[in-house]
> 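To start, I am sharing the structure in question, which I have written as structure tokens.
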Amino acid sequence: TKSDCPLGLDCYKDFEEGLAYAQKVNKPILLDFTGWACVNCRKMEENVWSDSSIYPILKEEYVLISLYVDDRKELPDDEKFDFEYDSGRIKEIETIGQKWGTFQTINFNAASQPYYVLLSPNLEILNDAVQYVDIEEYERWLKSGLEKYQLTMNKKLKKELLVVASILLIVCIGVFIFINSLKPDYGGEKDLPNLNKEVNVYFDTYGIPHIYADEQEDAFRALGYVHAQDRLWQMELLRRVAKGKLSEVFGKDLLETDK
């Protein structure tokens, strides 16, 4: 929820909400583990975050998620849980602060504040976490995170472009093969069923077929094959017109025609 953020910055106090927004706007995350009673946290905000070299970066380049580990507001009953340490000790998590403190411990093996982490919207850690540092080091740290995030985005874009190019290539090859498979074959030998004797078909320079057969029935069969080879789509369309089945191919708009 956006409210009570340091220096008038926009921030989120819930990790999932902030993460969703970062993914929506495609920006890296500044994860700020802080506390209302944290003196060094206030010093960082007042002396470092407020600097003219830092503030614009925080405001424009990052999604700020501030998690207060000492927030005593009670969690809804369905969000309360028991956390078991490696030692077997059980800790009841009942407040927002306990939730974020446990979140910090589990994911970053740290328990002190301030504690700053830079993440991509895909939850990739962009560089080492920092705590109480000066303006110059904090600026370098923020810019380093932005550079790594940009490199990550460039790699992702290249992969996506490669996938798209591969798909387009496969489609083009498929279309080429399909189109060529539809071209009439004017040479070679074919085995047609139900022919009594050999039939010769000659195509002249104008593509007109000349059929030579010993039997009329064989000539008609060869004619049908040659005709279908050149005009299969037309023949199929006429067949559907005769049977009232155009709508099977072209949709409901031709139902009236089929009737």
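For the numbers below, each heavy atom of this structure counts, side chains included, while hydrogens, waters and symmetry mates do not.
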> Would you name the heavy atoms of Asp218 and Asn194 that are closest together and state the gap between them?
OD1-O, 4.1 Å

> Between Asp204 (side chain only) and Tyr206 (backbone N and O only), is there a donor and an acceptor less than 3.5 Å apart?
yes

> Give a yes-or-no answer on whether the side chains of Ser247 and Arg240 include a donor-acceptor pair shorter than 3.5 Å.
no

> Carefully, step by step, assess Arg140 and Glu137 under the rule salt bridge (Lys or Arg N to Asp or Glu O under 4.0 Å).
CA-CA 5 Å; Arg140 284 195 299 269; Glu137 184 176 349; 5.1 Å; no

> Do the non-hydrogen side-chain atoms of Val63 and Tyr12 ever get within less than 4.5 Å of each other?
yes

> Taking all heavy atoms of Leu75 and all of Lys80, pick out the closest pair and write down the distance.
O-CE, 3.2 Å

> Quick one: pull up CG in Leu119 and CG in Leu19 and give me the separation to the nearest 0.5 Å.
8.5 Å

> Looking only at the aromatic ring of each residue, does the gap between the centers of Tyr116 and Tyr138 stay below 6.0 angstrom?
yes

> Is there a path of hydrophobic side-chain contacts, each under 4.5 Å between heavy atoms of I, L, V, M, F, W or Y residues, that connects Tyr202 with Leu223?
no

> Which heavy atom in Cys11 sits nearest to a heavy atom in Pro6, and how many Å separate them?
SG-CD, 4.5 Å

> Any heavy-atom pair between the side chains of Asp32 and Ile65 that's under 4.5 Å?
no

> Please assess Arg89 against Glu84 for the test salt bridge (Lys or Arg N to Asp or Glu O under 4.0 Å), listing each intermediate value before the final yes or no.
CA-CA 6 Å; Arg89 182 171 67 89; Glu84 183 177 355; over 6 Å; no

> Take atom CG in Asp82; do more than 12 heavy atoms of anything else shown fall under 6.0 Å from it?
yes

> Hey, does Val201 have a side-chain heavy atom less than 4.5 Å from the side chain of His210?
no

> For Ser112, does its backbone N or O pair with a side-chain atom of Gln104 as donor and acceptor, under 3.5 Å?
yes

> Kindly work out whether a path of hydrophobic side-chain contacts (I/L/V/M/F/W/Y, heavy atoms less than 4.5 Å apart) joins Phe108 to Ile106.
yes

> Would you call Pro209 and Val226 a side-chain contact if the rule is heavy atoms closer than 4.5 Å?
yes

> Just verifying a value: how many Å separate Tyr132 OH and Lys43 NZ, rounded to the nearest 0.5 Å?
5.0 Å

> Taking side chain as C-beta onward, heavy atoms only, is Phe250 less than 4.5 Å from Leu237?
yes

> Does the pair Val133 and Trp141 meet the rule for a side-chain contact (heavy atoms from CB on, under 4.5 Å), with working shown?
CA-CA 10 Å; Val133 296; Trp141 180 72; over 6 Å; no

> Would you compute the distance between atom CG of Asp134 and atom CE of Met44 and round it to the nearest 0.5 angstrom?
8.5 Å

> Taking the six-membered ring for Trp, is the centroid-to-centroid distance between Phe83 and Tyr85 below 6.0 Å?
yes

> Any idea which heavy atoms bring Asn127 and Ile125 closest together, and the distance?
O-CG2, 3.2 Å

> Evaluate side chain to side chain donor-acceptor pair (under 3.5 Å) for Asn122 paired with Ser120, printing each intermediate quantity in order.
CA-CA 5 Å; Asn122 295 323; Ser120 75; 4.8 Å; no

> With heavy-atom distances below 4.5 Å as the criterion, would you say the side chains of Cys5 and Ser66 are in contact?
no

> A side-chain contact here means heavy atoms from C-beta on lying under 4.5 Å apart; do Leu192 and Arg221 qualify?
no

> Please give me the minimum heavy-atom distance between Ala22 and Ile29, naming the atom from each residue.
CB-CG1, 3.6 Å

> Out of curiosity, Thr105 OG1 to Gln98 CD, how far, rounded to the nearest 0.5 Å?
11.5 Å

> How about Tyr149 and Asn26: does a side-chain donor come under 3.5 Å of a side-chain acceptor?
yes

> Donor-acceptor check, side chain of Trp49 to backbone of Leu58, threshold 3.5 angstrom: yes or no?
no

> Working note: Leu118 + Leu142, criterion side-chain contact (heavy atoms from CB on, under 4.5 Å); need CA distance, chi angles, decisive distance, verdict.
CA-CA 8 Å; Leu118 298 182; Leu142 290 173; 4.2 Å; yes

> Please report the interatomic distance OH(Tyr212) to CG(Asn200), rounded to the nearest 0.5 Å.
9.0 Å

> Consider only side-chain heavy atoms of I, L, V, M, F, W and Y, link residues closer than 4.5 Å, and tell whether Leu126 and Met153 are in one cluster.
yes

> Set out, in order, the CA-CA distance, both residues' side-chain angles and the distance that settles ring pair (Phe, Tyr, Trp, His ring centres under 6.0 Å) for Phe33 and Tyr68, then state yes or no.
CA-CA 6 Å; Phe33 289 99; Tyr68 288 78; over 10 Å; no

> If we count only N and O atoms by modelled type, under 3.5 Å, do the side chains of Asp71 and Trp100 hold a donor and an acceptor together?
no

> Answer yes or no: does atom CZ of Phe220 have more than 12 heavy-atom neighbours from other residues, nucleotides or ligands under 6.0 Å?
no

> Run Arg42 and Val39 through side-chain contact (heavy atoms from CB on, under 4.5 Å) and show every step you take.
CA-CA 5 Å; Arg42 301 294 85 76; Val39 175; 5.9 Å; no

> May I ask you to check whether Gln113 and Gln131 show a side-chain donor-acceptor distance below 3.5 Å?
no

> Determine whether more than 12 heavy atoms belonging to other residues, nucleotides or ligands lie under 6.0 Å from atom CG of Asp191.
no

> To check you understand the geometry: which heavy-atom pair defines the closest contact between Leu254 and Leu246, and what is its length?
CD1-CB, 4.0 Å

> Starting from Ile57, can I reach Tyr21 by hopping between I/L/V/M/F/W/Y residues whose side chains sit under 4.5 Å apart?
no

> Mark yes when over 12 heavy atoms from residues, nucleotides or ligands other than Glu198 sit less than 6.0 Å from its CD; otherwise mark no.
no

> Under a 4.5 Å side-chain heavy-atom rule over Ile, Leu, Val, Met, Phe, Trp and Tyr, are Leu123 and Val117 clustered together?
yes

> Rounded at 0.5 Å granularity, tell me how far CG in Asp10 sits from CG in Leu64.
9.0 Å

> Evaluate side-chain contact (heavy atoms from CB on, under 4.5 Å) for Lys156 paired with Thr152, printing each intermediate quantity in order.
CA-CA 6 Å; Lys156 180 181 178 182; Thr152 301; 5.6 Å; no

> Can you sort out the partners of Ser50 under side chain to side chain donor-acceptor pair (under 3.5 Å), two or more places apart, ordered by chain and number?
none

> Please enumerate all residues that pass salt bridge (Lys or Arg N to Asp or Glu O under 4.0 Å) together with Lys143, with sequence neighbours excluded.
Glu139

> Counting distance only, does the side-chain N/O of Lys27 pair as donor-acceptor with the main-chain N or O of Glu60 below 3.5 Å?
yes

> Run the ring-centre check on Phe103 versus Phe15 and record whether the distance is less than 6.0 Å.
yes

> Do the non-hydrogen side-chain atoms of Thr34 and Val69 ever get within less than 4.5 Å of each other?
no

